[in-house]
Every structure is written in C-alpha cells, then in structure tokens.
Amino acid sequence: MQPVQVHPGDGPVILAFPHVGTEVPPQVASRLNAEGQRLRDTDWHIHDLYAGLIPGLTTVTATQSRYVIDLNRDPSGTSLYPGQTTTGLIPDTTFDNVPIWTQPPEAADVAHWLEHVHQPYHTALAAEIARVRARYGVAVLYDCHSIRSQIPWLFPGTLPDLNIGTNNGTTCAPALEQAVTQIAAASGHTWVLNGRFKGGWTTRHYGRPETGVHAIQMELSQISHLATEDPPFALDPDRAAHLRQTLTQILATLADLAPHLRP
C-alpha cells in the first residue's frame, strides 16, 4: 500500500489532496456496510479539476479513502470545530449521519492507520513544504477539498460554491487572503471567507506566515463541478471548465505573490 503520491514541481505553490483517495484496504472494506462502500464523502474528481492549471505546481495526493482515516483531522483526535457537528479521525457515519460500519473501528484501528496512512501522508507533505521553502524562501500550501452543497447534519441551507478558509486570517498573509477573495467575488460563483469551513487541521497546522509558510483551504461545493452529487458522482464538463478558469486565476495569483512574502 502506497498511501501518498508526490509530484514535485518547480514553483512556490503546493496542492494537497487529502480526500480524493478511493482505495480501501481489505481489512477495512470487509467491515464497511453498503453505505460505507459507496465512499460517498470522497472529494470526487478534485485532483482532475486542478490538473495542469498552471506550470510548476507540486501535488501531494492521498490514495486511501477518508473512511480509512481522515488526513485533515488532528491526529490527537481534538475536534476542529468544538460544539459543532463534525466527523472524527475515522468517521462513524457519512456527512448525513448515516452509519457506515458493520463492525465499528476501535482504538487499535485508529493507532494503526495513524501510523500507516496519516503519518506518511503528512511526512510527505511536510517534506515538500520544506523543499519549496528552501528554494523560494516561501511556500504556499493550497489545500483542495469539496463537499456536497446541502448537508443538513453539518450546516443549514446551501453551501456557497467557493468556501475559502484561513482560520480567520491566521494561516496566510493578508495579501493572499485578499487576492483570493477578490477573484472569487469577480468570478460569478457564490463564495464565503471563513464560513462553515475555516480550514481543517492541514491548514491550521502548516500555516505559519511568520516562517514563510502560507496555507489556504478551498472547499468547493460539488454542485459547482459535478453533474450530480449522488452516485455516480460524474464530472460536468461545462461546470468544470467554468470553475477551472477561476481556479487558474487563483493559483496564478498565489504564485505571482509568493516571492513578495519572504519573511
């Protein structure tokens, strides 16, 4: 099992894809129920959506499903959103609060997958951040996510297309946050800054602007690029093409601004 795929680029921007994986080890698959085996909460097609948008991108891509272990959760198990509904390191349910297990995971399962999936992914991501920062004096980590537009168990109403997270401005320079929000506002897509999704563990853990590491999470509403948010979760070519224009602008701007952010 190879839990992470790394493709080093020669630019200052790193794309992280923690939830695109659909591989499930046999010892996990045998314990998932029919709903769990659908892998409904995968970030479908996100790595394809971002493919080739600008030159020089580094990509760090998970291969394992988030139902094995969630790579955007604090390894200590501490909740990212205290007092709010969320899922843990190994989810018990879908985002609709539907159980996914015939035999729920135990503490030993968490420890095992922390060691064999969570840690290798973040070791690889940290190494790429260090490599890029050593070369440029700065690294911009852009954490790529998607989620269904309507999930009443997690949030009321309909999610905007673009959900930008900087943990209330603490994980990146103000210039980066301002640039992304300006592009979002002019894109024709609905958007929000630090709304329901302020940035997960990856953004909060690595985003240290004072050290030259800037992190932004982008949570895309799946209706912005999928033909349907239910199986088979097919990509809509027209929606995807429109969204790729906006994402290209965002990434190109982050790459252009990065050299001016050296500490």
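Along the sequence shown, residues carry numbers from 1.
Taking 4.5 Å as the limit, some side-chain heavy atom of Arg40 sits within range of a side-chain heavy atom of Tyr67. Contact check for Ile100 versus Asp41: no side-chain heavy atoms found under the 4.5 Å cut-off. Counting heavy atoms from C-beta outward, Phe17 and Asp43 have side chains that stay 4.5 Å or more apart. Contact check for His145 versus Pro18: side-chain heavy atoms found under the 4.5 Å cut-off. Residues Ile151 and Asp96 form a side-chain contact, since some pair of their non-hydrogen atoms from C-beta on lies under 4.5 Å apart. The closest side-chain heavy-atom distance from Leu159 to Gln222 is not below 4.5 Å. No side-chain heavy atom of Gln64 sits under 4.5 Å from any side-chain heavy atom of Ile69. When side chains are defined from C-beta on, His47 does not count as touching Leu15, because their heavy atoms never get closer than 4.5 Å.
To the nearest 0.5 Å, atom CD1 of residue Ile183 and atom CD of residue Gln245 are 13.0 Å apart. In this structure, the separation between SG on Cys144 and CG on Leu49 is 9.0 Å, given to the nearest 0.5 Å. Atom OG1 of Thr94 sits about 6.0 Å away from atom CZ of Arg148, to the nearest 0.5 Å. Remark: Ser221 OG to Trp191 CH2 distance equals 16.0 Å, nearest 0.5 Å. A distance of 8.5 Å separates CD in Glu23 from CE in Met1, rounded to the nearest 0.5 Å. Here the CD-CG distance, from Glu35 to Leu39, works out to 9.5 Å after rounding to the nearest 0.5 Å.
Checked by atom type and distance alone, the side chain of Arg31 pairs as donor or acceptor with a backbone atom of Pro104 at under 3.5 Å. Side-chain atoms of Gln217 come within 3.5 Å of backbone atoms of Gly200 as a donor-acceptor pair (strictly under, hydrogens ignored). Not a single donor-acceptor pair under 3.5 Å links the side chain of Arg135 to the backbone N or O of Val132. Proximity of a side-chain donor or acceptor of Arg204 to a complementary backbone N or O of Lys198 within less than 3.5 Å is not detected. Side-chain atoms of Arg196 come within 3.5 Å of backbone atoms of Leu154 as a donor-acceptor pair (strictly under, hydrogens ignored). Thr102 contributes no side-chain N or O that, together with a main-chain N or O of Asn33, makes up a donor-acceptor pair within less than 3.5 Å. Judged by distance alone, with hydrogens and angles left aside, the side-chain atoms of Arg262 form no donor-acceptor pair with the main-chain N or O of Val138 at under 3.5 Å. Of the possible donor and acceptor atoms, none in the side chain of Ser65 sits under 3.5 Å from a partner among the backbone N and O of Val24.
Side chains of Thr166 and Asn194: a donor-acceptor N/O pair is present below 3.5 angstrom, by distance only. Under 3.5 Å, the side chains of Thr202 and Asn72 contain a donor-acceptor pair of N or O atoms. In this model, no donor atom of one side chain and acceptor atom of the other lie less than 3.5 Å apart for Thr61 and Gln5.
Tyr121 meets the side-chain hydrogen bond (donor to acceptor under 3.5 Å, both in side chains) test with no other residue; sequence neighbours excluded. Checked against ring pair (Phe, Tyr, Trp, His ring centres under 6.0 Å), Trp201 has the following partners two or more places apart in sequence or in another chain: His118, His122, His205. Scanning for ring pair (Phe, Tyr, Trp, His ring centres under 6.0 Å) contacts around Phe233 gives Trp44, with sequence neighbours left out. With sequence neighbours excluded, no residue satisfies side-chain hydrogen bond (donor to acceptor under 3.5 Å, both in side chains) with Asp236. With sequence neighbours excluded, no residue forms a side-chain hydrogen bond (donor to acceptor under 3.5 Å, both in side chains) with Gln249. Applying the side chain to side chain contact (heavy atoms under 4.5 Å, CB included) criterion to Ala215, with sequence neighbours excluded, gives Leu141, Thr171, Thr203. In this structure, the side chain to side chain contact (heavy atoms under 4.5 Å, CB included) partners of Thr248, at least two apart in sequence or on a different chain, are Leu53, Ile54. Scored by the ring pair (Phe, Tyr, Trp, His ring centres under 6.0 Å) test, His242 finds His189 as partners (sequence neighbours excluded). Every residue was checked against the ring pair (Phe, Tyr, Trp, His ring centres under 6.0 Å) condition with His214, not counting sequence neighbours, and none meets it.
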Checking Asp70 against His19 for the side-chain hydrogen bond (donor to acceptor under 3.5 Å, both in side chains) test, could you report, in this order, the C-alpha distance in whole Å, the side-chain angles of both residues, the deciding distance, and whether it holds? CA-CA 8 Å; Asp70 194 325; His19 293 152; 2.6 Å; yes

For the pair Tyr50 and Leu251, evaluate side-chain contact (heavy atoms from CB on, under 4.5 Å) and give the outcome as yes or no after the intermediate values. CA-CA 10 Å; Tyr50 281 92; Leu251 296 182; 4.0 Å; yes

Determine, step by step, whether Glu229 and Ser149 satisfy the side-chain hydrogen bond (donor to acceptor under 3.5 Å, both in side chains) criterion, reporting the C-alpha distance in whole Å, the side-chain angles of both residues, the deciding distance to 0.1 Å, and the verdict. CA-CA 8 Å; Glu229 297 182 324; Ser149 59; 3.0 Å; yes

Under the criterion side-chain contact (heavy atoms from CB on, under 4.5 Å), I'd like the reasoning laid out for Thr87 against Trp153: C-alpha separation, chi angles, the key distance, then a yes or no. CA-CA 11 Å; Thr87 53; Trp153 190 58; 4.1 Å; yes

If you apply the rule side-chain hydrogen bond (donor to acceptor under 3.5 Å, both in side chains), what do you find for Thr58 with Arg131, and how did you get there? CA-CA 10 Å; Thr58 292; Arg131 179 187 66 82; 2.9 Å; yes

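Val180 is not connected to Val192 by any chain of hydrophobic side-chain contacts under 4.5 Å among Ile, Leu, Val, Met, Phe, Trp and Tyr, and they are in different clusters. Under the 4.5 Å side-chain heavy-atom criterion for Ile, Leu, Val, Met, Phe, Trp and Tyr, Ile147 and Leu247 are members of distinct hydrophobic clusters. Phe197 and Leu243 fall into different hydrophobic clusters, where Ile, Leu, Val, Met, Phe, Trp and Tyr side chains are chained together by heavy-atom contacts under 4.5 Å. No single ILVMFWY cluster, assembled from side-chain heavy atoms under 4.5 Å apart, contains both Val98 and Leu32. Under a hydrophobic-cluster definition in which Ile, Leu, Val, Met, Phe, Trp and Tyr are linked whenever side-chain heavy atoms come within less than 4.5 Å, directly or via other members, Leu220 and Phe155 are assigned to different clusters.
Counting only residues at least two apart or on different chains, no ring pair (Phe, Tyr, Trp, His ring centres under 6.0 Å) pair has a member in residues 21-41. Sorted by first then second residue, the ring pair (Phe, Tyr, Trp, His ring centres under 6.0 Å) pairs that include residues 244-263, not counting sequence neighbours, number zero. For residues 88-114, every residue pair satisfying the ring pair (Phe, Tyr, Trp, His ring centres under 6.0 Å) rule, not counting sequence neighbours, is listed here: His112-His116.
Contact detail for Ala62 and Leu71: the closest heavy-atom pair is CB-CD1, 3.4 Å. Looking at every heavy atom in both residues, Arg239 comes nearest to Ile223 through NH1-O, 3.3 Å. Considering all non-hydrogen atoms of both residues, Leu162 and Ala184 come closest at CD1-CB, 3.7 Å. The minimum heavy-atom distance linking Asp10 with Gly56 is given by the pair OD1-CA, 3.1 Å. The two residues Thr190 and Pro160 make their nearest non-hydrogen contact at OG1-CA, 3.4 Å. Closest approach of Ala124 to Val4, counting heavy atoms only: CB-CG1, 4.0 Å.
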